[in-house]
Amino acid sequence: WYQAEYEIDGLRGEKIRWTEQSKEFKAQIERLAGDVLMATGFLSYCGPFNQEYRQLLLRNWQSENKSRSIPYTHNLDLIGMLAEKTTISEWNLQGLPSDD
């Protein structure tokens, strides 16, 4: 009896976590098109530019998304989205500049 009650209590906690996680997934899906739009623009156009100009382009694209009511993640980490931290560290060790 006690084991069953313990399991049911555990599942109640999981339901709360799953519900919150489900809401976050829904919000991520709603922002996906805008995030992918910025990521593809970044990949296509930002490569040859320095970090300052890349940030300027990203701000312009965010303004454009906002003016067209395209949801996007406001603090999107495009570098983190497109490359693993270990890969970036390896690039830095090989002499490539940091994007900080």
Side-chain angles (χ1 to χ4, degrees):
W1 165 255
Y2 293 112
Q3 182 64 29
E5 193 172 299
Y6 175 78
E7 294 295 327
I8 290 170
D9 285 342
L11 289 174
R12 281 190 199 113
E14 286 298 303
K15 180 182 179 186
I16 292 168
R17 187 178 66 82
W18 291 337
T19 302
E20 290 171 2
Q21 198 169 30
S22 177
K23 289 177 186 175
E24 178 55 30
F25 288 152
K26 183 179 181 202
Q28 287 176 348
I29 289 169
E30 289 173 359
R31 298 186 310 259
L32 185 61
D35 292 352
V36 170
L37 182 63
M38 287 195 294
T40 55
F42 185 87
L43 285 172
S44 298
Y45 299 109
C46 287
F49 302 115
N50 65 24
Q51 184 63 10
E52 184 179 335
Y53 192 69
R54 289 176 181 177
Q55 291 299 323
L56 175 66
L57 289 173
L58 288 173
R59 283 193 300 273
N60 288 341
W61 295 338
Q62 288 172 339
S63 294
E64 195 65 32
N65 279 346
K66 188 174 183 178
S67 72
R68 295 174 187 266
S69 300
I70 299 171
Y72 64 95
T73 302
H74 295 278
N75 57 351
L76 183 64
D77 176 16
L78 287 172
I79 302 296
M81 180 180 177
L82 299 170
E84 297 289 327
K85 290 188 184 301
T86 54
T87 302
I88 295 168
S89 295
E90 183 63 32
W91 292 339
N92 295 147
L93 288 173
Q94 293 176 11
L96 291 172
S98 167
D99 282 326
D100 295 332

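All residue numbers in this chain count up from 1 along the given sequence.
Note on Trp91: it clusters hydrophobically with Phe49, by side-chain heavy-atom contacts below 4.5 Å among ILVMFWY residues. Put simply, Leu82 and Leu76 are part of the same group of oily side chains (I, L, V, M, F, W, Y) that touch within less than 4.5 Å, one to the next. Two different hydrophobic clusters hold Leu37 and Leu32 under the rule that ILVMFWY side chains link at heavy-atom gaps under 4.5 Å. Transitive grouping of hydrophobic side chains (ILVMFWY, heavy atoms separated by less than 4.5 Å) brings Leu96 and Leu78 into a common cluster. Clustering ILVMFWY residues whenever any of their side-chain heavy atoms sit less than 4.5 angstrom apart, transitively, puts Leu43 in the very cluster that holds Leu57.
Here OH of Tyr72 is found 10.5 Å from CG of Leu58. Values are rounded to the nearest 0.5 Å. Between atom CG of residue Asn65 and atom CZ of residue Arg31 there is a gap of 13.0 Å, rounded to the nearest 0.5 Å. With values rounded to the nearest 0.5 angstrom, Ile16 atom CD1 is found 11.5 Å from Leu11 atom CG. The CD atom of Gln62 lies 9.5 Å from the OG1 atom of Thr73; values are rounded to the nearest 0.5 Å. Distance NZ/Lys66 to NE2/His74: 7.0 Å, rounded to 0.5 Å.
Looking at Arg17 and Glu14, a side-chain N of the basic residue comes within less than 4.0 Å of a carboxylate O on the acidic one, giving a salt bridge.
Applying the 6.0 Å contact sphere to CD of Glu52 captures no more than 12 heavy atoms from other residues, nucleotides or ligands.
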For this session: Using the side-chain contact (heavy atoms from CB on, under 4.5 Å) rule, take Leu56 and Arg59 through it: C-alpha gap first, then chi angles, then the decisive distance, then the call.
Result: CA-CA 5 Å; Leu56 175 66; Arg59 283 193 300 273; 4.0 Å; yes
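Formation of a donor-acceptor pair under 3.5 Å by the Arg54 side chain with backbone atoms of Tyr45 is not found in this model. The backbone N or O of Trp18 sits nowhere less than 3.5 Å from a side-chain atom of Ser22 that would complete a donor-acceptor pair.
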